[in-house]
Amino acid sequence: MDADVIIVGAGPTGLMLACELRLAGVRPLVLERQPHRRDTPKAGGLGGQILELLRYRGLLESFTAACTDPIPAPRFPFGGVHVDFTRLPDPPMHALPLPQHLLERQLDERAAELDTEIRRGHQVTGVSQDDAAVTAEVHGPDGPYQVSARYLVGCDGGRSRVRDRAGIGFPGTSYPEVNRLAQVTLPDTVTVLDGGDLDVPGFGVIRAGFTQTDRGMFGLGSSADSRVVSLYTSEDEATEYDDDAPMTVAELQGSIRRVLGADLPVGEAHRLSRFTFKARQAEHYRHGRIMLAGDAAHLFPATGVAINAGMLDAVNLAWKLAAAVHGWAPSGLLDTYHGERHLAGARTLLHTRAQVALRRGHDPAAEALREVFQELLADEQPLRRMGRLLSGADIRYPMPGAAHHPMAGAFAPDLTLHTDQGVTSVAELMRSARPVLLDLADRPDLREAARGHRVDVRTAKIDEPPADALLIRPDAHIAWAATVGEPADTAVPALRRALSDWFGAPAADDV
Ligand SMILES: Cc1cc2nc3c(=O)[nH]c(=O)nc-3n(C[C@H](O)[C@H](O)[C@H](O)COP(=O)(O)OP(=O)(O)OC[C@H]3O[C@@H](n4cnc5c(N)ncnc54)[C@H](O)[C@@H]3O)c2cc1C
């Protein structure tokens, strides 16, 4: 075998997966068709629950330091409605203004620190599997070759070849809406008026802000330099675009002409990007030794959620693959990747599809729907709920036998922990991505039950403990929790079952 796991694609999902696998002691090989790290503009930032996970891994500080702009106030578009979390003292959704190419650089550097092999300029052209291994056909700079590994994960984007080769269906909808975004310097022939409006020769005044026309939407925004403006168009088109294919100034100008009827002269372009909207989800995230993650597994018809979902797929999958590679994965563990992350993807599809319905209507009924929606978001509870939905923090995985505790399945909150060695936190415990039994009630019976089960056991005191103990998986989700004061005769067997379900039969020595 050339590696334990082959990862196809070095986008945010593939790189995050590589880092998590390295933390779990697994040897991944990343194959990326592009010869160099890309610098084409895609996502302008990173938001949602992945930020909390990055904090738990001790990475958030360096990712924040890499941001080029100040952290924005937590305000987000939701299908044409404005969701403003600044009214809450503890906003449930945040975002980092870390453009995607800088995010990928951060992840790439982290992968290098963890000694990960990444081969750029190596395109996977075919994939096959048998009972023992999976083999990838690769076309590299020196010609075609083969590599084999125990598992292969397709993190190769929305047009995934791995998904096609594995015969996994990708049903859903492609919307006709094409969005174009640019930041350009205006030539001297265009006059910038007070308030950011533009006077364009042969056309007249283009207003700052959003303009709805019969053909679509046009947007004009200003920047610190009054001659550098942001331009946005959205229109329906029959053409299917590849979001990875670059956009040109001529394409942008053509769209402005169709949407607004204006021939807008444009000078130097600083950013040009196009994105389209699809609502698609792979029927299966796993087919034998082949798995899918990120855009290869799901495409959402709204911005701001896809990278969060893809990187969280990677975090969920990595420790399960590591268990399989190390030989102690309980039966069915790898299938829980599909069970859990397909469910999370379906939930993201639900709210992004709702955004399509809110955004695309332009008749009085649609306006009324947006107004009612906006009114509901003036109240604290709907606003909090919306924040948890948008960030993916409301995902509670189904945990067999653990339904009796409300924390089971949820992301572990960052509790402050008082231990004999001093003050620590759940975030600190999750840094090394090891599973933890957190004993919050000095329960020797539970600590004893966890012996030999490949989990770190920690005893701590906290103010108002929500449980006597929490069993936390490497992805920071709670596998099992003991209710406060739960007697040993129910707690111990339930803990033993959860340990076996997630971390396999006890080992003589902890792995
Ligand atoms: C203009 C634009 C704006 C966006 N804005 C946002 C945003 O604000 N927030 C957000 O969350 N998302 C946004 N997105 C979506 C986001 O960019 C994607 O969700 C994200 O890139 C998906 O990451 P990934 O790693 O799953 O796949 P990708 O980033 O698509 O990475 C796949 C990688 O696989 C490689 N690859 C493909 N085929 C092969 C092969 N056969 N062999 C080897 N390598 C292969 C590709 O070269 C690529 O590097 C935006 C997208 C666009 C285009």
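Both counts, for ligands and for their atoms, begin at 1 and track the order of listing.
Distances from ligand 1 to the non-hydrogen atoms of Pro12 include at least one value under 4.0 Å. Distances from ligand 1 to the non-hydrogen atoms of His122 include at least one value under 4.0 Å.
Nearest protein heavy-atom neighbour of atom 28 (P) of ligand 1: Arg38 NH2, 3.7 Å. Residue, atom and distance of the protein heavy atom nearest to atom 18 (C) of ligand 1 are Asp295 OD2, 3.3 Å. Gly9 CA, 3.2 Å is the protein heavy atom nearest to atom 34 (O) of ligand 1. Ranking the protein heavy atoms by distance from atom 11 (O) of ligand 1 puts Ile307 N, 2.9 Å first. Among all non-hydrogen protein atoms, the one lying nearest atom 47 (O) of ligand 1 is Glu32 OE2, 2.6 Å. At the shortest separation from atom 51 (C) of ligand 1 among protein heavy atoms lies Lys42 CB, 4.1 Å. In this structure, the protein non-hydrogen atom closest to atom 27 (O) of ligand 1 is Gly157 CA, 3.8 Å. The protein non-hydrogen atom at the shortest distance from atom 32 (C) of ligand 1 is Cys155 O, 3.3 Å.
Selection from Ala43, Gly11, Gly14, Gly48 by nearest heavy atom to atom 4 (C) of ligand 1 gives Ala43.
Below 3.5 Å of separation, one finds an N or O of Gln100 facing an N or O of ligand 1. At least one N/O-N/O distance between Ala306 and ligand 1 falls below 3.5 Å. In terms of polar-atom proximity, defined here as any N/O pair under 3.5 Å, Thr13 does make such a contact with ligand 1. Taking only nitrogen or oxygen atoms, main chain and side chain alike, Arg33 reaches within less than 3.5 Å of ligand 1. At a 3.5 angstrom cut-off on N or O pairs, Glu104 does not count as close to ligand 1.
Aromatic ring orientation, His477 versus Phe411: perpendicular (interplanar angle above 60°, classes split at 30° and 60°). Note on ring orientation: taking the six-membered ring where Trp is involved, the planes of His122 and Tyr145 are perpendicular (angle over 60°, cut-offs 30° and 60°). Taking the six-membered ring where the residue is Trp, Trp502 and Trp319 present tilted rings, their angle falling between 30° and 60°.
Atoms of ligand 1 lying under 4.0 Å from at least one heavy atom of Val305, given by number and element, are 11 (O). When each atom of ligand 1 is checked for a heavy atom of Ser273 under 4.0 Å away, the hits are 1 (C). Atoms of ligand 1 found under 4.0 Å from any heavy atom of Gly294, numbered from 1 in the order shown, are 26 (O). Residue Gln34 approaches ligand 1 through these ligand atoms, each under 4.0 Å from one of its heavy atoms: 47 (O). Shown in contact with Val8 at under 4.0 Å from a heavy atom are these atoms of ligand 1, numbered in order with element: 40 (C), 42 (N), 43 (C). Of all atoms in ligand 1, numbered sequentially from 1 with element shown, those under 4.0 Å from a heavy atom of Val124 are 40 (C), 41 (N), 42 (N), 43 (C).
Using a 4.0 Å cut-off between charged side-chain N and carboxylate O, Glu340 and Lys320 make a salt bridge. The pair Arg341-Asp475 does not meet the salt-bridge criterion, since no charged nitrogen lies less than 4.0 angstrom from a carboxylate oxygen. Looking at Arg38 and Glu104, a side-chain N of the basic residue comes within less than 4.0 Å of a carboxylate O on the acidic one, giving a salt bridge.
Judged by a 6.0 Å distance limit and a 45° cone about the ring axis, Arg180 is positioned over the six-membered ring of Tyr241. With Phe277 as the aromatic partner, Arg359 meets the cation-pi criteria of under 6.0 angstrom to the ring centre and within 45 degrees of the ring axis.
Atom CG of residue Leu272 and atom CE of residue Met247 lie 4.5 Å apart, to the nearest 0.5 angstrom. Taken from CD in Gln129 to CG in Leu152, the straight-line distance is 9.0 Å, to the nearest 0.5 Å. With rounding to the nearest 0.5 angstrom, the CG atom of Leu31 is 10.5 Å from the OG1 atom of Thr125. We find the CG-CE distance between Leu15 and Met311 to be 9.0 Å, quoted to the nearest 0.5 Å. Here Leu54 contributes atom CG and Leu103 contributes atom CG; the two are 8.0 Å apart, rounded to the nearest 0.5 Å.
When non-hydrogen atoms are compared, ligand 1 lies under 4.0 Å from neither the backbone nor the side chain of Ala296. Heavy atoms of Leu181 found under 4.0 angstrom from ligand 1: none, in either backbone or side chain. At a heavy-atom cutoff of 4.0 Å, ligand 1 is contacted by no atom of Arg159, backbone or side chain. Contact annotation for Leu31 and ligand 1: only backbone heavy atoms (N, CA, C, O) come within less than 4.0 Å of the ligand.
Of the listed residues (Arg347, Arg388, Arg385, Arg384), just one forms a salt bridge (Lys or Arg N to Asp or Glu O under 4.0 Å) with Asp394, and that residue is Arg347.
Heavy atoms only, all atoms of each residue included: Asn179 and Ser234 are closest at OD1-OG, 3.2 Å.
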